[in-house]
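Keep in mind that the numbers below use all heavy atoms, side chains included, and drop hydrogens, waters and symmetry copies. Here is the naming used below: chain letters follow the sequence lines, and residue numbers restart at 1 for every chain. Since the structure is predicted, the reported quantities are computational estimates derived from the model, not experimental observations.
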There are 2 protein chains.
Amino acid sequence: MRDMSLSKREEWDTMGFNPHNCPIRSVLDHVGAKWTVLILFELQQGPQRFNALGRALPDISKRMLTQSLRSLERDGLVKREVFDTKPPSVSYSLTDMGVSLMQPLVGLVNWAEDQMTAVKDAREVYDAINV
Amino acid sequence: MRDMSLSKREEWDTMGFNPHNCPIRSVLDHVGAKWTVLILFELQQGPQRFNALGRALPDISKRMLTQSLRSLERDGLVKREVFDTKPPSVSYSLTDMGVSLMQPLVGLVNWAEDQMTAVKDAREVYDAINV
DNA sequence: CCGAATCCTAAACGATACTG
DNA sequence: CAGTATCGTTTAGGATTCGG
């Protein structure tokens, strides 16, 4: 499966579609990650402090919360602000780019909500047939 | 981080937002998976046979192609048709639900394409600052 | 032509304990 | 309050071989 035409591969690479070398993938990876979408939705309601996010997101560990926020910050979707008080206070908020992501993201999530019973049904049928 | 109010958790669960018990997640998982989005885009151009998909998608192994197609089929997004010829022929195509997914999905991918240089830049700045 | 079966590695995720 | 550090587990993905 390696003997594809070079033109096709180059086309893909320049379009950023090749999963091995892909700027688009970084966005899709956020969507696929376990917590980032939830965090983005929570931040949509306004800036939040670290522990407030933790309380709002059931079952997320501090480790994953930190890690998820860092990856979002790294890609410019979330802004992190440290206020040097004691005890320390850190505020997270959506950047303009982060805000602009929400529209297509909401579109996808809305589709998922609308179709989730259909998906569930299809899955049950499939699982019933395939032992 | 376990002592959140029950009402909040129940609200999440019923809305399907809890990653541990979530119909919506199954859709987001497809988006996050390495090959499924590419397969969906390829199938958007019409029904394709297994090996044709393999040739169209550089670097995907047969194993992952099979697995990805199965998961899409299981959730009712892709239809698999077997023609009992020799050699055997199997056609994959989008279901109506699969087709309906493409619009929000394209919305997300378009956003990613538009912002991919901004994301790349943000990433480089972040990486330069954080050693 | 279209896979299934097996084995393996790397990455994601989670639990726990500790810190300025 | 907002993390870091460490460790163990689980899952996704890849390489290879075999079969109807």
Side-chain angles (χ1 to χ4, degrees), chain A residues 1-3 18-22 25-26 28-39 42-43 47-74 78-93 130-131, chain B residues 1-3 18-22 25-26 28-39 42-43 47-74 78-93 130-131:
Chain A
M1 211 157 284
R2 303 294 175 119
D3 48 37
N18 189 326
H20 298 298
N21 171 26
C22 185
R25 269 242 62 85
S26 63
L28 302 185
D29 284 342
H30 287 306
V31 177
K34 195 165 182 177
W35 300 103
T36 45
V37 172
L38 264 14
I39 291 172
E42 194 63 34
L43 287 180
Q48 306 262 352
R49 296 175 57 179
F50 183 84
N51 277 355
L53 280 172
R55 279 186 294 272
L57 270 37
D59 288 348
I60 190 171
S61 66
K62 286 184 176 189
R63 182 187 185 284
M64 287 313 296
L65 183 55
T66 301
Q67 196 174 103
S68 306
L69 285 167
R70 289 285 190 276
S71 74
L72 290 170
E73 185 195 1
R74 182 165 111 104
V78 160
K79 184 174 64 174
R80 177 174 179 267
E81 280 180 296
V82 181
F83 301 102
D84 203 353
T85 58
K86 26 187 171 166
S89 167
V90 179
S91 169
Y92 292 91
S93 56
N130 301 85
V131 228
Chain B
M1 213 158 285
R2 302 295 175 121
D3 47 35
N18 190 327
H20 299 298
N21 170 26
C22 183
R25 268 242 62 86
S26 63
L28 302 185
D29 284 342
H30 286 306
V31 177
K34 194 164 182 176
W35 300 105
T36 44
V37 171
L38 299 181
I39 292 173
E42 194 63 34
L43 287 180
Q48 306 261 350
R49 295 175 55 180
F50 183 85
N51 276 357
L53 280 172
R55 279 186 294 273
L57 271 36
D59 290 347
I60 190 172
S61 67
K62 285 185 176 189
R63 184 188 183 283
M64 286 315 295
L65 182 55
T66 302
Q67 195 172 105
S68 306
L69 285 167
R70 288 285 190 275
S71 75
L72 289 170
E73 185 196 0
R74 182 164 111 105
V78 160
K79 183 175 64 176
R80 177 175 180 266
E81 280 180 296
V82 180
F83 301 102
D84 204 353
T85 59
K86 27 186 171 167
S89 168
V90 181
S91 169
Y92 292 92
S93 57
N130 300 84
V131 223

Q | Spacing of B/Leu53 atom CG relative to C/dG3 atom P, expressed in whole Å | A | 10 Å
Q.
I'd like to know whether A/Arg80 forms a side-chain contact (heavy atoms from CB on, under 4.5 Å) with A/Leu69, so could you lay out the CA-CA distance, the side-chain angles of the two residues, the decisive distance to 0.1 Å, and finally the verdict.
A. CA-CA 9 Å; A/Arg80 177 174 179 267; A/Leu69 285 167; over 6 Å; no
Q) Between D/dA2, C/dA4, C/dG14, which nucleotide has the shortest distance from any of its atoms to the side chain of B/Arg70? A) C/dA4
Output a table of nitrogen or oxygen pairs between the protein and nucleotides 7-9 of chain D separated by less than 3.5 Å.
none

Q: Starting at atom CD of B/Gln48, determine the distance to atom P of C/dG3, rounded to an integer number of angstrom.
A: 14 Å
Q: Starting from P on D/dT4, measure out to CD on A/Gln67 and report it in whole angstrom.
A: 10 Å
Q. Got a second to check how far A/Leu65's CG is from A/Asn51's CG, nearest 0.5 Å?
A. 8.5 Å
(Q) Just to be sure I understand the geometry, which residues of residues 80-93 of chain A put a non-hydrogen atom under 4.0 Å away from DNA chain D? (A) A/Arg80, A/Pro87, A/Pro88, A/Ser89, A/Val90, A/Tyr92
Q | A/Arg74: partners by salt bridge (charged side-chain N to carboxylate O under 4.0 Å, His left out), with sequence neighbours left out | A | B/Asp127
Q: Over all heavy atoms of both residues, which pair between B/Val31 and A/Val31 is shortest? Give the atoms and the distance, please.
A: CG1-CG1, 3.9 Å
**Q.** Test item: B/Arg25 side-chain N/O and A/Gly32 main-chain N/O as donor-acceptor pair under 3.5 Å
**A.** yes
Q) Atom CZ of B/Arg49 and atom C1' of C/dG3: how far apart are they, to the nearest Å? A) 13 Å
**Q.** Base C/dA12 paired with A/Lys34 side chain (donor-acceptor, <3.5 Å)
**A.** no
**Q.** Interatomic distance where CG belongs to B/Leu38 and P belongs to D/dG13 [whole Å]
**A.** 12 Å
Q.
Output the rounded distance in Å from CG (A/Leu69) to P (D/dC1).
A. 16 Å
Q.
Return the NZ to OG distance between A/Lys79 and A/Ser91, rounded to the nearest 0.5 Å.
A. 8.0 Å
(Q) Any side-chain to backbone donor/acceptor pair from A/Thr36 onto A/His30? Under 3.5 Å, distance only. (A) yes
Q. With side chains defined as the heavy atoms from C-beta onward, is the minimum distance between B/Arg70 and B/Glu73 less than 4.5 Å?
A. yes
Q) For B/Arg25 and D/dA12, what is the distance between atoms CZ and C1' respectively, to the nearest whole Å? A) 14 Å
Q) From the list C/dC2, C/dG14, D/dG3, which nucleotide is the closest neighbour of the side chain of B/Phe50? A) C/dC2
**Q.** Integer-rounded Å distance: D/dG13 P and B/Leu65 CG
**A.** 13 Å
Q | Steps toward side-chain contact (heavy atoms from CB on, under 4.5 Å) verdict (B/Met64, B/Lys34) | A | CA-CA 9 Å; B/Met64 286 315 295; B/Lys34 194 164 182 176; 6.0 Å; no
